[in-house]
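To start, the structure itself, in structure tokens.
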Amino acid sequence: MPMRYVLAALLLGSAAYPAVAQDAQSLVAKNLEARGGEAALSAIKSIKFKGRSIAPGDFELTYEETRERVGPNAAAGRVDLTIQGLDLVQAYDGHGDGWRINPFQGRKDPETMSTDEARSMADGALIEGPLLASRTDGSRVEYLGRDDFEGTSAYKLRVTQKDGDQYTYWLDPDTYLEIKVDETRKIRGAEVTNENELGDYEKVAGVYFPMSVESWSQGQDKQRQRTLIASGEANIAVPDGYFAEPGGSAAPAKATGAEPPDASNKPHSKGAAKSKPGAAKEPAATPTTTPKGE
């Protein structure tokens with residue numbers, strides 16, 4: 001092989017790694033632009049979604065989700081689901097602690113979540129979602145190339161957070177919005193992956209959020225949870241103590257003078273058809289988790 005071709009090959013090889021890193025950051029930047037841009041996203045300090053969640057077996061629950069920024073890379077979140085007068089509550093207080101009230105297990109009093117569960121809730125509370133939070137929270141983002149997802153040659157990214165939790169995203173090649181996200185983390189020492197399909201994007205305060213999410217545990221795609229959001233409202237007033245465990249010692253996240261922990265340093269143990277923006281009408285979570293696609 002002529003020396004000039006050997007030299008060219010060596011130069012191309014040495015440039016391969018920076019090119020991949022640049023591709024990842026470029027795709028994150030395009031996703032940010034597609035969502036609505038930095039200014040619009042930063043202007044949202046709190047957000048509330050209302051809709052319905054349909055569990056396997058066609059059990060339908062009313063759905064309400066509230067998120068609030070409490071500091072850099074940190075947010076508090078709460079999901080309320082109701083059926084036949086029974087209210088299931090799951091919340092993360094922005095300080096590293098999560099709690100729930102689950103009357104479906106015969107419990108009417110709040111119970112503290114495990115650190116694994118609180119870790120997942122911390123990610124779900126992020127208004128921008130783990131992908132865009134990766135720009136500032138120390139997560140590693142890798143571009144994995146193009147991957148077919150239901151006939152779409154999507155851009156595939158993997159976000160690895162500082163605690164080892166991973167999110168794999170598929171971005172629509174036309175809109176650069178998320179159409180699928182897999183969440184992988186360890187629960188009680190075992191690796192668990194949850195899959196989510198995202199669609200029906202609509203704007204809330206100038207920012208696109210998925211209004212339809214289908215979620216399921218990996219290997220159990222016949223047991224899907226569907227969440228359909230009918231409305232979203234930004235910068236709503238959140239009552240003091242709304243995210244704190246009732247009877248617990250944690251103060252409301254926004255009431256403290258200290259900066260809360262960022263969601264990427266979480267404590268250790270410690271869906272629906274795809275569509276282009278504005279195509280449909282109904283963002284999301286499940287009775288057991290909050291979707292992390294946005």
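Remember, it's a predicted structure, so these values are computed and weren't measured experimentally.
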Worksheet item: Heavy atoms, side chains only, cut-off 4.5 Å: are Asn194 and Ser217 in contact?
Response: yes
Item to complete: Check side chain to side chain contact (heavy atoms under 4.5 Å, CB included) between Arg107 and all other residues, then give those that pass, not counting sequence neighbours.
Response: Gln105, Glu111
Fill in: Side-chain H-bond candidate by donor/acceptor type, Thr160 with Gln166, under 3.5 Å
yes
Worksheet item: Mind checking whether Trp216 and Lys222 have side chains closer than 4.5 Å, heavy atoms only?
Response: no
Worksheet entry | Nearest-0.5 Å distance that lies between atom OG1 in Thr62 and atom CG in Asp87 | 7.5 Å
Worksheet item: Arg69 and Glu128: salt bridge (charged side-chain N to carboxylate O under 4.0 Å, His left out), yes or no, with the steps?
Response: CA-CA 10 Å; Arg69 297 186 193 277; Glu128 64 270 64; 3.4 Å; yes
Worksheet item: How long is the span from the OG atom in Ser153 to the CG atom in Asp172, to the nearest 0.5 Å?
Response: 10.5 Å
Worksheet entry | Partner residues of Glu38 under the side chain to side chain contact (heavy atoms under 4.5 Å, CB included) criterion, sequence neighbours left out | Leu32, Ser42, Arg135
Worksheet item: Roughly how far, to the nearest 0.5 Å, is the CE atom of Met121 from the CG atom of Asp93?
Response: 10.0 Å
Item to complete: Verify the cluster assignment for Leu144 and Leu27: are they in a single hydrophobic cluster under the rule of side-chain heavy atoms below 4.5 Å apart?
Response: no
Worksheet entry | Results of side-chain hydrogen bond (donor to acceptor under 3.5 Å, both in side chains) for Asp182 - residues two or more places apart only | Lys180
Practice prompt. With sequence neighbours excluded, tell me which residues meet side-chain hydrogen bond (donor to acceptor under 3.5 Å, both in side chains) with Lys156.
Written response: none
Worksheet item: Which heavy atom in Pro173 sits nearest to a heavy atom in Ala154, and how many Å separate them?
Response: CD-CA, 4.3 Å
Worksheet item: Have Glu245 and Thr112 got a donor and an acceptor in their side chains that come within less than 3.5 Å?
Response: yes
Response to the item:
Closest heavy-atom pair, Glu195 versus Gly219, reported as atoms and distance to 0.1 Å, is OE2-N, 4.4 Å
Worksheet item: Ala234: what forms a side chain to side chain contact (heavy atoms under 4.5 Å, CB included) with it, not counting sequence neighbours?
Response: Ile44, Val204, Ala205
Worksheet entry | Within-4.5 Å side-chain heavy-atom neighbours: Gln25 and Val141 | yes
Worksheet item: Do the non-hydrogen side-chain atoms of Glu150 and Ile179 ever get within less than 4.5 Å of each other?
Response: no
Worksheet item: Given Trp170 and Leu198, is the side chain to side chain contact (heavy atoms under 4.5 Å, CB included) satisfied, shown in steps?
Response: CA-CA 10 Å; Trp170 285 256; Leu198 317 176; over 6 Å; no
Worksheet item: How close do Pro130 and Gln161 get, heavy atom to heavy atom, and via which atoms?
Response: CB-NE2, 4.0 Å
Discussion item. Could you tell me if the side chain of Ile83 sits less than 4.5 Å from the side chain of Phe104, heavy atoms only?
Written reply: yes
Worksheet item: Is the NZ or CZ atom of Arg158 both under 6.0 Å from the centre of the six-membered ring of Tyr169 and within 45° of that ring's axis?
Response: no
Item to complete: Kindly check if the number of other-residue, nucleotide or ligand heavy atoms within 6.0 Å of CG (Asp58) is above 12?
Response: no
Item to complete: Report the distance from atom CG of Leu157 to atom CG of Asn31, rounding to the nearest 0.5 Å.
Response: 8.5 Å
Worksheet item: Is a donor on one side and an acceptor on the other found under 3.5 Å between the side chain of Asn235 and the backbone of Lys45?
Response: yes
Discussion item. Is there a path of hydrophobic side-chain contacts, each under 4.5 Å between heavy atoms, that joins Leu86 and Leu61?
Written reply: yes
Worksheet item: Taking atom CG of Asp163 and atom CG of Asp123, what is their separation to the nearest 0.5 Å?
Response: 7.0 Å
Worksheet item: Taking atom CD of Glu178 and atom OG1 of Thr168, what is their separation to the nearest 0.5 Å?
Response: 13.0 Å
Worksheet item: Is any side-chain heavy atom of Thr184 closer than 4.5 Å to a side-chain heavy atom of Glu191?
Response: yes
Fill in: Check: Tyr167 and Arg185 side chains under 4.5 Å, non-hydrogen atoms
yes
Response to the item:
Scanning both residues in full, the closest heavy-atom pair of Ala24 with Tyr143 reads CB-N, 3.8 Å
Worksheet entry | Hydrophobic cluster of Ile101, others only, ordered by chain and residue number, side-chain cut-off 4.5 Å | Val89, Trp99
Discussion item. For a quick test of reading the model, state the closest non-hydrogen atom pair linking Ala75 to Ala125 and the distance between them.
Written reply: CB-O, 3.3 Å
Fill in: Thr66 side chain reached by Ile236 side chain, heavy atoms, under 4.5 Å
yes
Discussion item. Test side chain to side chain contact (heavy atoms under 4.5 Å, CB included) on Val238 and Phe243; report intermediate values, then the result.
Written reply: CA-CA 9 Å; Val238 180; Phe243 302 105; 3.5 Å; yes
Worksheet entry | N/O donor-acceptor pair under 3.5 Å between Ser134 side chain and Leu131 backbone | yes
Item to complete: Return the minimal non-hydrogen interatomic distance between Asp137 and Lys162, and the atom names on each side.
Response: O-CE, 3.1 Å
Item to complete: Would you kindly check if the NZ (Lys) or CZ (Arg) of Arg35 is within the cone defined by 45 degrees around the ring axis of Tyr176 and under 6.0 Å from the six-membered ring centre?
Response: no
Fill in: Check against side chain to side chain contact (heavy atoms under 4.5 Å, CB included), Thr175 and Tyr208
CA-CA 11 Å; Thr175 66; Tyr208 278 111; over 6 Å; no
